[in-house]
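Let me begin by presenting the structure, written as C-alpha cells, before commenting on it.
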Amino acid sequence: MSTVEAKPSEAKPADVKSSEAKPSAVEEFKLASQHLRGTIAEELADASDGFSKEMQQLIKTHGFYQQENRDDRKAAGKGARHASFMVRSRIPGGKLTSEQMLAELDVCDVMGNSTLRITSRQGLQLHGIPKDNLRDTIRIINMIKLSTLAACGDVNRNVMCCPAPHNDDVHREMQLLADKLAMTFAPRTEGYYEIWLRDDESGKEEMVGGPPGFDRTAHDHIGPAGDDVEPIYGTVYLPRKFKMSIGLPEDNCVDMYANDLSFMAIVEKGKIVGYNVLAGGGMGLTPSAAKTFPAVAHRLCYVTPDQAIGVAVAIVKVQRDYGNRSDRKVARLKYTIANMGLPAFRAKVEEYFGQPLADLHPADVTGMDDHIGWREQGDGRYYYGLNIEHGRLYDDDKIQFKAALREICTELAPPLRLTAHQSILFIDLKPEDKDKLLGILRKHHVPLSEDISTVRRWSMACVAKPTCGLAVAESERALPGMIDQFEVELAKLGLDKEEFTLRMTGCPNGCARPYNCDIGLVGKTDGKYTIYVGGRLVGDRLNFKLYDIVPTEEVVPHLVPLMMYFKQARQPGETAGDFFHRCGHDDLLAWVEQYQKQAV
Ligand code: SRM
Ligand code: SF4
C-alpha cells in the first residue's frame with residue numbers, strides 16, 4: 001500500500017536532540033508562566049517602556065512583539081533604545097468587515113505609527129505601539145471581534161484559507177473548516193482575558209474577539225491530554241510555531257506546501273469529498289546551522305471532511321509530544337518528521353487518531369490564482385482584488401491607501417478578504433458599485449491592479465527594517481526600486497507579461513516564502529542578497545541557491561542574463577522557474593559566463 005509521498009526537498013535528517021535533553025530557556029518560561037500569564041500584568045503596569053527578556057517571549061502568544069525602530073536608534077546614536085510593539089491580528093481566512101478595517105485604520109493612527117500592514121498570512125499588523133497603548137489596542141481589536149491571541153507564539157497561528165468569495169459550496173466549506181480549525185486550536189487559557197479584557201472594577205469582560213462563534217470554554221473536540229486548561233497544548237504549549245492552510249489543487253493561493261499542515265480540498269461534482277493532508281512544510285533557515293533547512297510539505301494521507309479536525313488534533317499532539325524542546329532551531333514539525341522518518345510519523349499520527357489513515361488522492365497542485373482584478377462571484381455580484389505592494393497601507397503625498405480604504409469602507413461598506421499575497425479583496429459588490437470603487441481608488445492615486453506590471457503583481461517582500469529585529473538587510477523598502485529597474489529590462493526582452501513569483505526577505509527566516517518561488521532574494525548582510533531560482537508559482541518545489549552576497553544594485557543585473565537565457569531556450573509554455581529548474585545550477589552559471597564573455 002502506497003501510503004506517503006515524499007516531495008523533493010533539500011531535507012537532510014535533522015540533528016534533533018533526544019527528549020531527555022535539557023529544555024530550552026523558552027520552555028522553562030512557558031512552564032513557569034501558569035498558562036501564559038507570567039508577570040505580564042505586573043510588567044505592563046511598571047514604568048519601563050518594555051518587558052523583561054522572559055516576558056518578551058511570552059507576550060508573543062498574546063499577539064505582540066517587543067521591537068524598536070532601528071532607524072530611530074541609528075539616528076539617536078549608539079546605546080539609545082526605545083521599545084515599541086508590533087501587534088498582530090489573527091484573521092482566519094483573511095475575512096473581515098469594513099467596520100473592522102475602519103477600526104484597525106483608526107488604531108494605527110491613534111495608537112501606532114500610522115501604517116497598517118497586510119501580512120503574508122492574511123493577517124494585519126500594527127507597528128510602533130507604545131507600551132502604554134497596548135492594553136487599549138488589544139481591547140479595541142477584541143471589541144471589533146478580531147483577536148490577537150495566538151497570532152504569534154508556540155501555538156497554531158492564523159489559519160490560511162483561499163479567500164475567494166465564490167458563491168459555491170466548495171469555498172464556503174473551506175472557509176468553515178478554517179474557522180473550525182482556528183476555534184479548535186485557540187488557546188483556552190484565561191490568562192489572555194484576565195490581562196487584557198477583564199474590567200478591573202466589575203471583573204467582567206464583554207469584548208472577546210475571535211472567529212465567528214468562538215467559545216473558549218468549549219472543549220468538546222479533544223481526547224486525553226493531561227492538562228485541564230489546555231487539553232490540546234498542555235502546560236508548555238507547542239515546541240515552536242505551527243501553521244495551517246486550506247486550498248485547492250487548481251488554486252494554491254495559500255501556498256499549502258509552505259505550511260506545517262495543509263488540507264487540499266478534493267472536489268467531486270461541486271462538493272468537497274475529502275482532503276489530501278500535507279505535513280511538514282516550512283521556510284526558516286539559519287545559514288550558520290547546517291541542520292536547518294527550508295522544506296516543502298510531505299504528502300501524508302487523505303481524510304474525509306468529518307475526519308479533518310481529528311487528524312489535525314492528532315498531528316498537533318504528535319508535534320507537541322515529539323517536537324524538539326531543547327533546540328528551537330530544529331523544533332518545527334518539518335524537523336520532527338525528518339527525525340522520525342515519514343512512515344513512523346504517519347504511524348504515530350494514526351495511533352493518536354485511533355484509526356488507520358487512508359491513502360492519498362492522486363490530485364496535486366496545478367495552479368494558483370492571486371484573485372486580483374475584477375471577478376464574478378457567481379451570484380450576480382463582483383469582487384475586486386486590489387494588489388497592495390508588500391501589503392503596507394499608508395498615506396503620503398503620492399498615494400493615499402488609508403484614505404481610499406476609509407472612503408470605500410464607509411461609502412460602499414463591502415466585506416473584505418485579505419490574501420496570502422499581502423493584498424485585499426473587496427467583495428459582494430453590485431454592478432453599480434464598480435465605477436464608484438475605481439473612482440475612489442483613482443481619487444486617492446492608488447495604483448489599480450490592472451495598471452501594475454506582472455512582475456510587481458506576483459512579488460512579495462517581508463517587513464524587515466526598520467521594525468524587524470531579525471532583519472540583516474532591507475526588504476519592503478528595497479524591492480519596489482529593484483522592480484522599477486527589472487520592469488524596464490523585462491519589457492526590453494518582451495517578457496513583461498510573463499508570470500513568475502519574485503519574493504524578497506530581509507533575512508533567511510523566509511517570511512515572504514522566498515524558497516519555493518521562481519526567484520527568491522534573501523538578505524545575507526546589510527545591502528547584500530542571496531539569489532535563489534527554480535521554484536515555481538504553484539509552490540510545490542524548493543528553489544536553489546545560484547548567487548551569494550550580491551549587492552543591492554547588482555541584483556537586477558544578475559537576473560537579466562538569466563531571463564535572456566530563459567527567453568532564448570525555454571520550451572513552449574515553460575515557466576521561468578521550471579526553466580531554471582530544468583537547466584540547473586551549473587548550466588545557468590555556464591551560460592551566464594559565456595554570455596558575459598561575448599558581451600565584453
Ligand atoms: Fe515571520 C519571525 C514577520 C510570515 C517565518 N516574522 C518574524 C518576526 C516576528 C521577527 C521576530 O521574530 O522578531 C517578524 C516581524 C517583523 C515586523 O516588524 O513586523 C515576522 N512573518 C512576518 C510577516 C509580517 C511578514 C510579512 O511581511 O507579511 C508575516 C506575518 C504572518 C502572520 O500574519 O501571521 C510572517 N514568517 C512568515 C512566514 C510565511 C508564512 O507563514 O506563510 C514564514 C515562513 C513559513 C514558516 O513559518 O516556516 C515566517 N518568521 C518566520 C521565522 C522562521 C521560522 C522558522 O521555522 O525558522 C521567524 C523567526 C523565528 O520564528 O524564530 C519569523
Ligand atoms: Fe524579519 Fe527576516 Fe521575517 Fe523579514 S524574513 S520579517 S527580516 S524575520
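When a ligand or atom number is given, it counts from 1 through the structure's own listing order.
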Can you list the atoms of ligand 1 that are under 4.0 Å from a heavy atom of [X]?
X	result
Lys243	36 (N), 37 (C), 38 (C), 40 (C), 41 (O), 43 (C), 45 (C), 46 (C), 47 (O), 49 (C)
Cys462	27 (O)
Ala461	27 (O)
His127	17 (C), 18 (O), 19 (O)
Gly282	48 (O)

Tell me whether [X] reaches ligand 1 (any heavy atom closer than 4.0 angstrom to a ligand atom).
X	value
Arg117	yes
Gln422	yes
Leu470	yes
Gly469	no

Requested in this report: Would you mind reporting whether Met504 and Pro514 have side-chain heavy atoms less than 4.5 Å apart?
Outcome: no

Query raised in the report: Do Trp196 and Leu134 have side chains that get closer than 4.5 Å, going by heavy atoms?
Result: yes

Please work out, at 4.0 Å between heavy atoms, whether the side chain, the backbone, both, or neither of [X] comes within that distance of ligand 1.
X	result
Arg157	neither
Ala464	neither
Gln122	neither
His390	neither

Short N/O distance, under 3.5 Å, between [X] and ligand 1?
X	value
Gln125	yes
Arg240	yes
Lys334	no

Report summary line: Residue set satisfying ring-ring contact (aromatic ring centres under 6.0 Å, His included) with Phe426, at least two apart, ordered chain then number -> none

Distance to 0.1 Å, residue and atom name: give those for the protein heavy atom nearest to [atom].
atom	value
atom 29 (C) of ligand 1	Ser120 OG, 3.5 Å
atom 18 (O) of ligand 1	Thr467 OG1, 2.6 Å
atom 56 (O) of ligand 1	Arg332 NH1, 2.8 Å
atom 33 (O) of ligand 1	Thr119 OG1, 2.6 Å
atom 42 (O) of ligand 1	Arg513 NH1, 2.6 Å
atom 57 (O) of ligand 1	Gly284 CA, 3.2 Å
atom 39 (C) of ligand 1	Cys511 O, 3.3 Å
atom 3 (C) of ligand 1	Arg88 NH2, 3.6 Å

Query raised in the report: With sequence neighbours left out, which residue pairs that include part of residues 243-254 fulfil the salt bridge (Lys or Arg N to Asp or Glu O under 4.0 Å) condition?
Result: none

Query raised in the report: Strictly under 6.0 Å, is that where the ring centroids of Tyr335 and Phe293 end up?
Result: yes

Any luck finding a side-chain donor-acceptor pair between [X] and [Y] under 3.5 Å?
X	Y	result
Thr336	Gln319	yes
Ser89	Glu104	yes
Thr530	Asp548	yes
Tyr532	Asp518	no
Thr148	Tyr192	yes
Asn113	Tyr394	no
Asp72	His82	no
Arg513	Asn259	no

Query raised in the report: Which residues and atoms, counting only protein N, O or S, are under 2.8 Å from atom 2 (Fe) of ligand 2?
Result: Cys507 SG

Closest to [atom] among [options] (heavy-atom distance):
atom	options	answer
atom 52 (C) of ligand 1	Met283, Met86, Met460, Lys241	Lys241
atom 5 (C) of ligand 1	Asn509, Val254, Ile91, Thr505	Asn509
atom 13 (O) of ligand 1	Tyr335, Phe64, Phe242, Tyr65	Tyr65

Solution key, residues 461-474 side-chain donor-acceptor pairs under 3.5 Å, sequence neighbours excluded:
from, atom 1, to, atom 2, distance (Å)
Lys465, NZ, Asp526, OD1, 3.2
Glu474, OE1, Arg477, NE, 2.9
Glu474, OE2, Arg477, NH2, 2.9

Report summary line: Rounded to the nearest 0.5 angstrom, the NZ-CG distance for Lys291 and Asn324 is 8.0 Å

**Report entry** Approximate separation, where rounding is to 0.5 Å, of Leu502 CG and Met460 CE
**Finding:** 10.5 Å

Report summary line: Per side chain to side chain contact (heavy atoms under 4.5 Å, CB included), Arg503 is matched among Asn516, Leu479, Val522 by Asn516

Report task. Apply side-chain contact (heavy atoms from CB on, under 4.5 Å) to the pair Arg456 and Asp484, showing each step before the final yes or no. Result -> CA-CA 9 Å; Arg456 202 177 295 273; Asp484 290 345; 2.6 Å; yes

Requested in this report: Quick one: closest heavy-atom pair of Phe85 and Pro130, and the distance?
Outcome: CD1-C, 4.2 Å

